[in-house]
Asker: 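Please find one structure pasted underneath; my questions will follow.
These figures come from a predicted structure and were not determined experimentally. These numbers come from the heavy atoms of this one structure, side chains and all, not from hydrogens, waters or symmetry mates. Chain identifiers are assigned alphabetically (A, B, ...) following the order of the sequence lines, protein sequences preceding nucleic acid strands; residue numbering begins at 1 within each chain.
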Number of protein chains: 2
Amino acid sequence: MRDRVDPSGSCRTKTCSRCSLSRICLPVSLDEADIGTLGRLIEHQPTLRRGEALFNEGDGFRALYAVRAGSLKSFTTTASGEQQVTGFHLPGELVALNAINRWEHPGSAVALETTSVCELPFEKLEDLAADIPDLQRQLLRLMSQEIADDQDMLFTMARRNADERLAILLLSFSERFRQRGLSGTRFRLSMARSDLGNYLGLAPETMSRVFRRFQDQGWIRAEGREVELLSVEALAELAA
Amino acid sequence: MRDRVDPSGSCRTKTCSRCSLSRICLPVSLDEADIGTLGRLIEHQPTLRRGEALFNEGDGFRALYAVRAGSLKSFTTTASGEQQVTGFHLPGELVALNAINRWEHPGSAVALETTSVCELPFEKLEDLAADIPDLQRQLLRLMSQEIADDQDMLFTMARRNADERLAILLLSFSERFRQRGLSGTRFRLSMARSDLGNYLGLAPETMSRVFRRFQDQGWIRAEGREVELLSVEALAELAA
DNA sequence: CGAGAGTTTGAAGCGCATCAATGTCTGTGG
DNA sequence: CCACAGACATTGATGCGCTTCAAACTCTCG
């Protein structure tokens, strides 16, 4: 049996060494000793209820956050009050990478369910990265990947229709759940349809219609927030 | 008189110390000595003609590039041959930040006019960043800003109509030219309308129509690739 | 000067947003 | 445990903004 990553709760101590997420989180590629050092950096591991904010747009930036369990959405808000969802964050993923330059959060992050995170004070993380080459490299890699992913998303928004966008998103979640040792074909989306739609630049009504179309085609089964992918191939063809 | 950055040609030597772009490029916030060290990293300063590629999608990643003079566009290509422009790069800006993780370029970069760049071998840059805390910080800041900018662009694509998109783009260029000591109200766009449109997720015909609308409103004057902003206020209001 | 790329303009159609109404879930207090 | 409120989801009808197609025009540069 393949190694499994327990996505909820097996990292109860303020250390990375015994955290089941260490293979997909920041410590990836660090050796034992360095993982220990990194773990000692963590000062707080706040737990948030559904709807609670990890930070708000405009807040001062002090730390990066690694999701330990649960999930978050990031979003910006316009003057007129509308929201734009910029991303969803699953266990092992880093939040606030966009806040480093201005030393201020350009958007908010809110828990989509009961969620706990590891707080990584950024100045200390920087100091540590200067001492541990592998950590520096990993930080740069994660940020580089975030840039590549965002640019991919730009392409999706610019050139794909509603069906293709949803197919791409479903496959993205599938892959991310799989990496975390969960099923890649059956999972629970913790966010509302309207959040998914907002992220994809589509109205909630359109989301609903596309979900229906996919079900009518027999490609997925969706009951509320539970989703089952019945034909990954069909979705992949749409996404191609 | 304000300091001016000569955007073309005043950095003829393989050093950052005497480069007029050092105040907006990677060396920002480094001291004299460190700037010298950084400059010694530069091995090549290739010059590209219009249409020549700096690198192609799928090429191995070895170095970051800083634009010295001229301009580039980044883009990805689909299986079916269509292009998606992911960015335009002006002097002082870094190219290939999206290639670090996979050690491979996820897109191509092509010169929009005669363009020269400084090649920064990445592994050496990493080593140097570990020695020079300010350099490490600057690298992380630049990448963080790129993430924030891309996410901003995502918002633009998801929620803005054609007029608003063009207004936002024109103001972005205006600001970037201004930072480089050039006029923020009169400048030459080195890329085709179709590239601008592609970047904004709009058809070339739509670009043409929006340009016309802006001119009819008296907000801009456009003759070919020369653009003059007549009412920054009107554009800013659209972009708000 | 000529050719090909880039631009403009008009006409038609389609995809998605919007509006409106109904239906369904979730969690809370009686 | 049930009833209810409020958020969320679904479905249909309509309209608008953009794409697409087509054709003429105009740069640019070899």
Asker: Could you give the angle between the helix axes at the two ends of the helix from C:dC1-D:dG30 to C:dG30-D:dC1, with five pairs per end, rounded to 10 degrees?
Answerer: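 For the helix from C:dC1-D:dG30 to C:dG30-D:dC1, the axes at either end differ by 50°.
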Asker: Starting from P on D:dG17, measure out to CD on B:Glu164 and report it in whole angstrom.
Answerer: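 In whole Å, D:dG17 P and B:Glu164 CD are 12 Å from each other.
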Asker: Round to the nearest Å and state the distance from A:Asp195 atom CG to D:dA9 atom P.
Answerer: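 Atom-to-atom, A:Asp195 to D:dA9, this comes out as 8 Å.
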Asker: Would you mind classifying the nucleic acid contact of B:Gly201 as base, sugar-phosphate or nothing, using non-hydrogen atoms under 4.0 angstrom?
Answerer: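 Contact class for B:Gly201: sugar-phosphate only.
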Asker: Decide yes or no on salt bridge (Lys or Arg N to Asp or Glu O under 4.0 Å) for A:Glu228 and A:Arg188, but give the supporting numbers first.
Answerer: CA-CA 9 Å; A:Glu228 182 173 7; A:Arg188 179 165 207 289; over 6 Å; no
Asker: Atom CZ of A:Arg160 to atom P of C:dG15: distance rounded to whole Å?
Answerer: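 Distance check: A:Arg160 CZ to C:dG15 P gives 16 Å.
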Asker: Please identify which of these residues, A:Val95, A:Leu64, A:Leu54, A:Thr47, meets the side-chain contact (heavy atoms from CB on, under 4.5 Å) condition with A:Val117.
Answerer: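 Filter result, single survivor: A:Leu54.
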Asker: In whole angstrom, give the distance that lies between atom CZ of A:Arg159 and atom P of D:dT20.
Answerer: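 Nearest whole value for this atom pair: 9 Å.
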Asker: Counting only non-hydrogen atoms, which of residues 203-222 of chain A are less than 4.0 Å from DNA chain C?
Answerer: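 Result for residues 203-222 of chain A: A:Ala203, A:Glu205, A:Thr206, A:Arg209, sorted by number.
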Asker: Please evaluate residues A:Arg49 and A:Glu52 with respect to the criterion salt bridge (Lys or Arg N to Asp or Glu O under 4.0 Å), reporting the C-alpha separation (whole Å), side-chain torsions for both, the decisive distance (0.1 Å), and the verdict.
Answerer: CA-CA 5 Å; A:Arg49 307 279 196 98; A:Glu52 259 187 288; 5.3 Å; no
Asker: Hey, does A:Gln45 have a side-chain heavy atom less than 4.5 Å from the side chain of A:Arg68?
Answerer: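 Sidechains of A:Gln45 and A:Arg68: in contact.
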Asker: Heavy atoms only, 4.0 Å cut-off, all strands: where does A:Gly51 land among base, sugar-phosphate and nothing?
Answerer: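 Touches nothing.
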Asker: If you count every heavy atom of other residues, nucleotides or ligands that lies below 6.0 Å from A:Arg160 atom CZ, does the total exceed 12?
Answerer: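 More than 12 within 6.0 Å, yes.
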Asker: Parallel under 30°, tilted from 30 to 60°, perpendicular over 60°: which one fits the rings of A:His105 and A:Phe55?
Answerer: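 Judged by the thresholds at 30° and 60°, the geometry between A:His105 and A:Phe55 is parallel.
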Asker: For B:Leu200 and D:dC18, what is the distance between atoms CG and C1' respectively, to the nearest whole Å?
Answerer: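 Distance check: B:Leu200 CG to D:dC18 C1' gives 14 Å.
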Asker: Can you tell which of C:dG6, D:dA9, C:dA17 lies closest to the side chain of B:Arg225?
Answerer: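 From the listed options, C:dG6 comes nearest.
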Asker: Is A:Arg193 positioned over the aromatic face of A:Phe211, cation under 6.0 angstrom from the ring centre and no more than 45 degrees off axis?
Answerer: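 Judged by the rule (NZ or CZ under 6.0 Å from the ring centre, within 45° of its axis), A:Arg193 counts as positioned above A:Phe211.
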Asker: Which pair of non-hydrogen atoms, one from A:Lys73 and one from A:Asp195, has the smallest distance, and what is that distance?
Answerer: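 Of all heavy-atom pairs spanning A:Lys73 and A:Asp195, the closest is NZ-OD1, 3.0 Å.
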Asker: Hey, which sits more toward the 5' end of DNA chain D by its nearest nucleotide, B:Asp163 or B:Arg50?
Answerer: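 Per heavy-atom nearest nucleotide, the more 5' residue is B:Asp163.
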Asker: Measure CD/A:Glu223 against C1'/C:dC25 and give the value in whole Å, please.
Answerer: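 It works out to 13 Å between those atoms.
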Asker: Among the nucleotides D:dT10, C:dT7, C:dC16, which one has an atom lying closest to any side-chain atom of A:Arg193?
Answerer: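 Selected nucleotide: D:dT10.
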